Amino acid sequence: MRNLLVTGGAGFIGSNFVHHVLEHTDDHVTVLDKLTYAGNRASLDGLPAERLTFIHGDITDAPLVDRLFADVDAVVHYAAESHNDNSLHDPRPFLDTNIIGTYTLLEAARRHGRRFHHISTDEVYGDLELDDPSRFTEQTPYNPSSPYSSTKAGSDLLVRAWVRSFGVQATISNCSNNYGPYQHVEKFIPRQITNVIRGIRPKLYGAGENVRDWIHADDHSSAVLTILDKGEIGETYLIGADGEKNNKDVVELILELMGEPKDAYDHVTDRAGHDLRYAIDSTKLRTELGWQPTYGDFEAGLAATVQWYRENESWWAPAKDGVEAFYASKGQ
Ligand code: NAD
Ligand code: DAU
């Protein structure tokens, strides 16, 4: 039994990880989360209170972080500003949390000699052409496009430097696009599902040809636990489940699953600098650490996600109007 510190554990992927850990291990979890607009304490409702401690705080608060690191065995670092569109509107919080926050945690990991796992994204590699037969691997050079992805790339490089210069016991994972329960309505899939529930037409950026490599958040969680248990210090692992789909196909599938005509959506202003395609080759994680995804069927996973948003309107409704007003102000 370990005592794990999970930063950003009230966010989308962090909360899915906390649910996964409490279900599949005997570990105790301490969540450190600032509860920004993206964090929701309710995402952790119903979990066993004796195995979960919630700390409302900021990862840039060095004294707080230092106190928490003293009492844990390992740290899994999810906390971030995570949305590309927000980073185009106001990049500053991305620098504070993603760069200074990660630096603050690394310094505490160094002082306390703690095992540290850094959660990152495939967006650090930039994008691929639609007809490029290659996929991202651990050897792909960094080439981030947006303020968000450049701060994530910067945070990855800090982790690598703290491993090499100070011997911090860290690993890194770069995962593709996640879907599943507890994702904020600003993101593509929940935005379109909740639009349909509200009677609003889904909004597709540009022509909708952009490809994302979808993985269920629970498969991301099992991959992170595998790396925490078996990963080699200093190594980077790419996490993906062979889920490439273009946005147009995803919108049409959502409409179909929700009983609406396939063409009942609008094309809206494209995202500035919009990455064309992400694709992950997760051979290293699969062959060296023996991980496999379990949600092979995207359509079934998406149907379950639609059902979750139908059944949990009280979880997402408070954020919906504000998000749509923000997008409307940008023609999106
Ligand atoms: P999210 O925006 O849903 O959640 C982020 C969480 O971090 C929120 O609970 C927020 O309150 C918290 N947070 C933000 N700033 C903080 C701070 N300064 N101190 C403490 N807590 C803070 O994000 P997500 O989609 O769950 O992403 C989690 C991590 O996974 C991020 O590091 C992201 O880069 C990475 N990632 C996301 C995806 C994806 O598809 N969403 C894919 C690959 C990697
Ligand atoms: O690849 C991993 C990344 O995936 C993570 O690092 C990010 O934190 C996460 O937000 C996600 O980034 P994307 O920018 O790919 O996700 P988003 O949900 O914002 O958009 C997915 C695709 O859908 C993208 O091509 C933009 C498009 N889109 C998005 C919205 C919100 C639309 O067409 N319409 C929309 O309304």
Side-chain angles (χ1 to χ4, degrees), residues 6-17 31-41 43-44 55-61 64-65 76-88 93-94 96-98 100-102 104-105 118-125 127 136 144-146 148-149 151-152 155-156 173-180 182-192 195 202-215 217 220 224 239-240 245-248 250-251 265-271 274-280 323-324 327 330 332:
V6 178
T7 73
F12 164 45
I13 310 182
S15 64
N16 273 279
F17 180 71
V31 166
L32 170 60
D33 199 294
K34 188 179 173 180
L35 296 180
T36 66
Y37 80 92
N40 192 336
R41 184 67 181 83
S43 303
L44 301 171
I55 307 288
H56 183 197
D58 194 320
I59 58 166
T60 65
D61 179 346
L64 170 65
V65 164
V76 186
H77 172 34
Y78 287 90
E81 286 292 337
S82 68
H83 193 35
N84 278 298
D85 292 320
N86 292 345
S87 81
L88 296 165
F94 290 75
D96 293 335
T97 290
N98 300 358
I100 302 299
T102 302
T104 307
L105 297 169
H118 178 64
I119 302 294
S120 193
T121 168
D122 58 359
E123 295 194 18
V124 301
Y125 300 115
D127 60 354
F136 299 139
S145 315
S146 74
Y148 160 67
S149 54
T151 58
K152 290 299 292 187
S155 70
D156 293 9
S173 55
N174 298 81
C175 188
S176 60
N177 283 64
N178 285 219
Y179 72 99
Y182 303 110
Q183 187 170 27
H184 196 276
V185 291
E186 69 188 355
K187 301 293 188 340
F188 179 53
I189 286 180
R191 183 182 184 205
Q192 314 315 339
N195 276 355
K203 309 287 185 237
L204 195 59
Y205 292 176
E209 284 175 352
N210 308 64
V211 170
R212 297 295 182 263
D213 189 351
W214 294 100
I215 179 173
H220 188 179
V224 169
I239 304 173
K245 297 242 170 310
N246 75 34
N247 295 339
K248 185 168 170 289
V250 174
V251 162
Y265 61 87
D266 296 327
H267 291 275
V268 295
T269 311
D270 207 352
R271 174 183 285 170
H274 197 172
D275 279 343
L276 196 50
R277 171 173 161 248
Y278 306 138
I280 288 269
V323 164
E324 288 310 312
Y327 281 127
K330 311 212 157 306
Q332 294 181 320

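Read the numbers this way: they start at 1 and go in the same order the structure lists the ligands and their atoms. Note that the coordinates shown come from a computational prediction; the quantities given were computed from them, not determined experimentally.
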Checklist entry - What atoms of ligand 1 come closer than 4.0 angstrom to any heavy atom of Leu35? => result 11 (O)

Checklist entry - Considering only heavy atoms of Ser120, which atoms of ligand 1 have at least one such atom less than 4.0 Å away? => result 43 (C), 44 (C)

Checklist entry - Are any of the side-chain nitrogens in Lys34 or Asp58 under 4.0 Å away from the carboxylate oxygens of its partner? => result yes

What's the shortest distance from [atom] to any protein heavy atom, and which residue and atom give it?
| atom | result |
| --- | --- |
| atom 31 (C) of ligand 1 | Tyr78 O, 3.2 Å |
| atom 35 (C) of ligand 1 | Ile119 CG2, 3.8 Å |
| atom 5 (C) of ligand 1 | Ala80 O, 3.4 Å |
| atom 23 (O) of ligand 1 | Ser82 OG, 3.2 Å |
| atom 34 (O) of ligand 1 | Tyr148 OH, 2.6 Å |
| atom 42 (C) of ligand 1 | Ser176 O, 3.2 Å |
| atom 11 (O) of ligand 1 | Asp33 OD1, 2.6 Å |
| atom 20 (C) of ligand 1 | Lys34 N, 3.2 Å |

Checklist entry - Who passes side-chain contact (heavy atoms from CB on, under 4.5 Å) against Ala38, sequence neighbours left out? => result Thr36

Enumerate the atoms of ligand 2 whose separation from the nearest heavy atom of [X] is less than 4.0 angstrom.
| X | value |
| --- | --- |
| Leu204 | 33 (O) |
| Tyr148 | 5 (C), 6 (O), 7 (C), 8 (O) |
| His274 | 24 (C), 25 (O), 26 (C) |

Quick check: does [X] get an N/O under 3.5 Å from an N/O on ligand 1?
| X | value |
| --- | --- |
| Ile13 | yes |
| Thr121 | no |
| Asp58 | yes |

Checklist entry - Parallel, tilted or perpendicular: which describes the rings of Phe17 and Tyr78, with under 30° parallel and over 60° perpendicular? => result tilted

Next on the checklist: Angle between ring planes, Tyr205 versus Tyr327, binned at 30° and 60°: parallel, tilted or perpendicular?
Outcome noted: perpendicular

What part of [X] sits under 4.0 Å from ligand 2 if we count only heavy atoms: the side chain, the backbone, both or neither?
| X | answer |
| --- | --- |
| Asn177 | both |
| Arg191 | side chain |
| Gln332 | neither |

Next on the checklist: For atom 3 (C) of ligand 2, which of the options Glu209, Glu123, Gln192 provides the nearest non-hydrogen atom?
Outcome noted: Glu123

Checklist entry - Any sub-3.5 Å donor-acceptor pair from Thr7's side-chain atoms to Ala79's backbone N or O? => result yes

Item to check | Any Lys152 heavy atom less than 4.0 Å to ligand 2 | outcome: no

Next on the checklist: Does the Lys NZ or Arg CZ of Arg212 fall within the cation-pi geometry relative to Phe188 - under 6.0 Å from the ring centre and within 45° of the axis?
Outcome noted: no

